[in-house]
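Notes follow the structure.
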Amino acid sequence: KLPGEHVYEGVLFFEYSPPEVLDRVKDFNVRDDDVFIVTYPKAGTTWLQEVLWLIMNDGQLKEANEKQVYFRSPFLEFKDTVLNEVGLELAAAVPSPRVIKTHLQKRLAPKQLNDKNCKVVILFRNPKDVCVSYYHFYRSSSSMGNFKGSWNEFFEMFITGHTGHGSWFDFTESWWHSRHNSNVKLIYYEDMKKNLTKSVEELAKFLGRSLSHQNVDDIVKHCSFENMKTNPMTNHEDVYSINKNISPLLRKGTVGDWKNHFTVAQSEVFDKVLEEKLGHLNIPFTYKF
Ligand code: PPS
């Protein structure tokens with residue numbers, strides 16, 4: 001157990017998502033024109049936040065270049081007592097249409113997500129890459145219990161579900177079942193990597209926004225890994241809890257970096273656990289294990 005961990009309704013969290021916030025999230029006032037981004041940590045949330053915020057704001061780069069992505073698109077269950085930032089309050093204050101990020105599994109998410117006309121975009125990423133990305137985040141972020149463990153230790157934590165926001169397997173199963181709802185769109189990080197233009201066009205269509213070709217091109221260019229990594233409004237370089245000398249939030253941004261971390265034995269264990277827990281769902285992750 002790492003310092004600052006707590007368990008809320010069976011799910012592991014850190015201090016930045018305290019029980020009183022998690023209680024309030026369930027009764028959060030959802031608006032019909034809200035867009036929720038639902039991801040497990042490290043699935044590419046920040047990337048999708050920037051893309052969706054721009055889609056919902058007609059590709060206007062001016063405000064995006066003046067204001068941090070985490071202020072434009074609040075993290076619902078986040079609380080920073082040092083800076084006195086509370087996601088719920090930021091979310092209540094941002095103008096509609098709001099783009100709100102959550103890493104919560106379905107049963108802990110706002111209840112009104114089920115009965116409002118809001119839109120929900122679920123982003124999945126190959127879990128081995130998620131695991132590697134999360135490992136580097138644990139190393140670099142002081143909000144993850146000052147983790148000083150090894151890759152092997154983190155690997156065990158991940159496959160047994162002992163990571164912040166709980167088990168990736170539970171999260172994934174909980175949202176998979178919502179994917180056919182008319183207000184839900186499920187997308188994959190690997191597809192965004194393959195063809196971001198197509199992803200932007202599909203997302204705009206789903207959200208009922210019409211964008212010019214120029215808007216789409218601007219968004220795609222603005223949201224490239226290289227641009228977001230050097231853009232102080234998206235790269236989180238000013239976030240005091242992240243030591244970017246250990247690992248920046250925008251670290252590699254590639255598909256398949258797991259091959260540089262997993263041993264063959266770990267990959268086999270992972271495949272086995274994935275098959276046991278989620279094999280029956282046939283989730284089409286677009287890579288070979
Ligand atoms: S968080 O803190 O949970 O919201 O983190 P999240 O944003 O979900 O995940 C960080 C990973 O997303 C990658 N990323 C990108 N990849 C491609 N293109 C763009 N523009 C982009 N922006 C962020 C980021 O590099 C992290 O993945 P890794 O594999 O660690 O590099």
Side-chain angles (χ1 to χ4, degrees), residues 13-14 16-17 36-55 64 68-78 80 87 99-105 121-144 147 151 154 158 163-166 168 171-172 175 187-197 199-200 203 218-244 246-262 287:
F13 288 96
F14 284 97
Y16 65 83
S17 295
F36 279 82
I37 296 181
V38 170
T39 55
Y40 190 78
K42 309 303 142 196
T45 324
T46 315
W47 190 13
L48 187 59
Q49 280 173 285
E50 193 66 358
V51 166
L52 290 186
W53 188 89
L54 282 165
I55 290 176
Q68 304 287 356
V69 61
Y70 45 80
F71 288 133
R72 285 177 280 122
S73 166
F75 179 11
L76 193 59
E77 65 272 19
F78 180 75
D80 184 327
V99 178
I100 298 173
K101 149 184 169 179
T102 181
H103 293 319
L104 292 171
Q105 50 179 273
V121 181
I122 304 170
L123 173 65
F124 282 176
R125 182 182 189 185
N126 151 10
K128 290 182 181 173
D129 283 339
V130 170
C131 180
V132 166
S133 184
Y134 214 2
Y135 164 63
H136 289 292
F137 190 71
Y138 258 73
R139 294 195 311 123
S140 58
S141 168
S142 59
S143 52
M144 311 308 287
F147 175 76
W151 157 250
F154 186 81
F158 191 91
T163 41
H165 275 81
W168 174 87
F171 170 92
T172 301
W175 287 103
I187 63 170
Y188 293 84
Y189 177 96
E190 293 74 17
D191 290 336
M192 290 175 67
K193 282 294 295 187
K194 212 183 291 166
N195 190 342
L196 187 56
T197 302
S199 298
V200 169
L203 286 165
D218 287 349
I219 294 172
V220 169
K221 208 173 286 164
H222 178 90
C223 295
S224 73
F225 179 78
E226 292 70 25
N227 281 342
M228 282 186 60
K229 187 176 171 66
T230 49
N231 179 355
M233 298 300 126
T234 53
N235 66 11
H236 288 51
E237 67 182 17
D238 61 331
V239 174
Y240 72 88
S241 55
I242 301 176
N243 183 341
K244 63 178 192 307
I246 298 178
S247 187
L249 179 72
L250 275 86
R251 190 184 58 90
K252 277 197 174 173
T254 56
V255 175
D257 191 38
W258 65 270
K259 291 174 190 158
N260 299 316
H261 292 74
F262 280 65
Y287 70 106

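Just so it is clear, the model here is predicted, and its values are computed rather than measured. Counting convention: from 1, in listed order, for ligands and their atoms alike.
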His222 vs Asn227, side-chain contact (heavy atoms from CB on, under 4.5 Å): CA-CA, chis, key distance, verdict: CA-CA 6 Å; His222 178 90; Asn227 281 342; 5.6 Å; no

Ring center gap for Trp168 and Tyr134 short of 6.0 angstrom: no

Pairing of Arg251 and Asp257 as salt bridge, 4.0 angstrom limit: yes

Taking atom 8 (O) of ligand 1 as the reference point, the nearest protein heavy atom with its distance: Thr45 OG1, 2.4 Å

Thr254 N/O under 3.5 Å from ligand 1 N/O: no

Protein contact of atom 1 (S) of ligand 1 - nearest heavy atom, named by residue and atom, plus distance: Lys42 NZ, 3.2 Å

Tyr189 (side chain) donor-acceptor with Thr45 (main chain) under 3.5 angstrom: no

Ser224 near ligand 1 by a heavy-atom separation under 4.0 Å: yes

Sub-3.5 Å N/O-N/O distance, Thr46 and ligand 1: yes

Any Thr39 heavy atom less than 4.0 Å to ligand 1: no

Subset of ligand 1 atoms that lie under 4.0 Å from at least one heavy atom of Pro41: 3 (O)

Closest heavy-atom pair and its distance - Ala64, Leu54: CB-CD2, 4.0 Å

Heavy-atom gap Glu50 to ligand 1 smaller than 4.0 Å: no

Parallel, tilted or perpendicular: ring planes of Phe158 versus Phe154, cut at 30 and 60 degrees: tilted

Approximate separation, where rounding is to 0.5 Å, of Lys193 NZ and Ser199 OG: 11.5 Å

Those atoms of ligand 1 less than 4.0 Å from some heavy atom in His103: 3 (O), 4 (O)

Within-shell test, Gln49 vs ligand 1, heavy atom, strictly < 4.0 Å: no

Lys/Arg cation over aromatic Phe137: Arg139, 6.0 Å, 45° cone: no

Parallel, tilted or perpendicular: rings of Phe78 and Tyr16 (30°, 60°): tilted

Close approach of Lys229 to ligand 1, heavy atoms, under 4.0 angstrom: no

His236/Thr46 under side chain to side chain donor-acceptor pair (under 3.5 Å): CA gap, chis, key distance, verdict: CA-CA 10 Å; His236 288 51; Thr46 315; 4.6 Å; no

Within-shell test, His136 vs ligand 1, heavy atom, strictly < 4.0 Å: no

Atom 29 (O) of ligand 1: nearest protein contact (heavy atom, Å): Arg125 NH2, 3.0 Å

Check: Ser140 side chain, His136 main-chain N or O, donor-acceptor pair, under 3.5 Å: yes

Short N or O distance, Cys223 and ligand 1, threshold 3.5 Å exclusive: yes

Ring-face cation contact, Phe36 with Lys101, 6.0 Å cut, 45° max: no

Ligand 1 N/O within reach of Lys193 N/O, cut-off under 3.5 Å: no

Contact with ligand 1 for Leu250, non-hydrogen, under 4.0 angstrom: yes

Shortest protein contact, atom 13 (C) of ligand 1 (heavy atom only): Tyr189 OH, 4.1 Å

Aromatic ring proximity, centroids under 6.0 angstrom, His165 and Phe13: yes

Which residue and heavy atom of the protein sit nearest atom 28 (P) of ligand 1, plus the separation: Ser133 OG, 3.4 Å

Leu249: numbered ligand 1 atoms lying under 4.0 Å from its heavy atoms: 2 (O), 5 (O), 24 (C), 25 (O), 26 (C)

Met228, any N or O under 3.5 Å of ligand 1 N or O: no

Nearest-contact summary for atom 12 (O) of ligand 1 - protein heavy atom, Å: Gly44 CA, 3.7 Å

Numbering as shown, the atoms of ligand 1 that approach Lys101 to under 4.0 Å (heavy-atom distance): 4 (O)

